[in-house]
Amino acid sequence: MAYKPGRCLLHFRLKEVGMTPQDLADRIQMPRQQISDYANDRYKMGLANAKTIAMAIGCSIDDLYEWKLSISSAHKEKA
């Protein structure tokens with residue numbers, strides 16, 4: 001069974017903790033545009049960036065995305 005990230009939930013997580021993308025960018029020393037690209041689903045976060053962001057806002061990596069079961073993986077398991 002394999003999962004892949006769906007829609008990014010960073011925008012919602014930032015609202016929950018009362019932070020702006022700029023606040024997060026300042027906290028983790030990352031360009032604000034990169035944070036915005038993640039939050040608006042223009043790019044998926046790599047593992048290291050997801051961990052850094054999750055730690056900075058007090059959530060788990062799993063909380064940063066909606067997760068979808070990979071269709072090809074589901075078909076293989078049924079076969």
Side-chain angles (χ1 to χ4, degrees):
M1 179 167 42
Y3 288 88
K4 63 181 184 175
R7 181 175 65 134
C8 183
L9 302 175
L10 179 57
H11 177 76
F12 300 106
R13 299 294 168 248
L14 288 173
K15 281 188 173 194
E16 287 175 351
V17 297
M19 290 178 73
T20 66
Q22 185 64 57
D23 294 334
L24 177 59
D26 292 343
R27 180 176 287 185
I28 63 173
Q29 310 277 299
M30 186 179 287
R32 187 205 53 79
Q33 184 60 50
Q34 189 171 354
I35 301 294
S36 177
D37 286 343
Y38 293 149
N40 291 303
D41 269 333
R42 287 188 281 269
Y43 298 103
K44 297 289 186 208
M45 292 175 230
L47 184 59
N49 283 345
K51 179 68 172 178
T52 300
I53 289 169
M55 294 300 293
I57 62 177
C59 70
S60 75
I61 292 174
D62 286 342
D63 295 331
L64 296 175
Y65 284 97
E66 290 179 342
W67 292 93
K68 299 179 180 186
L69 182 60
S70 173
I71 302 263
S72 61
S73 174
H75 285 287
K76 288 178 187 175
E77 288 187 16
K78 291 180 181 178

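Predicted, not measured: the structure shown is a model, and the values here were computed from it.
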| Do Y3 and S70 have side chains that get closer than 4.5 Å, going by heavy atoms? | no

| field | CD1-CG distance between I35 and L14, expressed to the nearest 0.5 angstrom | value | 7.5 Å

| Under the side-chain contact (heavy atoms from CB on, under 4.5 Å) test, residues paired with Q33 that sit two or more places apart | S36, D37, R42

| said: Rounded at 0.5 Å granularity, tell me how far CG in L69 sits from CE in M1. | reply: 6.5 Å

| request: Measure the SG-CD distance between C59 and E16 for me, rounded to the nearest 0.5 Å. | output: 8.0 Å

| query | Distance-only, no hydrogens or angles: does the Y65 side chain make a donor-acceptor pair with backbone N or O of M45 under 3.5 Å? | reply | yes

| Distance in Å, L24 CG paired with M19 CE, rounded so as to fall on 0.5 Å steps | 4.5 Å

| remark: Shortest non-hydrogen pair, A39 vs C8, comes out as CA-SG, 4.1 Å

| Got a sec, which pairs hit salt bridge (charged side-chain N to carboxylate O under 4.0 Å, His left out) with one end in residues 46-65, sequence neighbours left out? | none

| request: Applying side-chain contact (heavy atoms from CB on, under 4.5 Å), run through L10 and N40 and close with a yes or a no. | output: CA-CA 8 Å; L10 179 57; N40 291 303; over 6 Å; no

| said: Test of understanding: with side chain to side chain donor-acceptor pair (under 3.5 Å), list the residues that count as partners of E66, not counting sequence neighbours. | reply: R7

| With D26, which residues qualify under side-chain contact (heavy atoms from CB on, under 4.5 Å), at least two apart? | Q22

| When rounded to the nearest 0.5 angstrom, what distance separates OH in Y38 from CG in N49? | 4.0 Å

| query | Nearest 0.5 Å, what's the CE-CD1 distance between M55 and I61? | reply | 9.5 Å

| said: Testing the basics here: between P31 and A25, what is the closest heavy-atom pair and its distance to 0.1 Å? | reply: C-CB, 4.1 Å

| With sequence neighbours excluded, residues passing salt bridge (charged side-chain N to carboxylate O under 4.0 Å, His left out) with D41 | K44

| field | Chi angles and distances behind the side-chain hydrogen bond (donor to acceptor under 3.5 Å, both in side chains) call for T20, D23 | value | CA-CA 5 Å; T20 66; D23 294 334; 3.2 Å; yes

| remark: Closest non-hydrogen contact found for V17 with I57 is CG1-O, 3.5 Å

| remark: Using a 4.5 Å side-chain heavy-atom cut-off and chaining through intermediate ILVMFWY residues, the residues clustered with F12 come out as L9

| task | Taking R27 for its side chain and A56 for its backbone only, find out whether a donor-acceptor pair lies under 3.5 Å. | result | yes

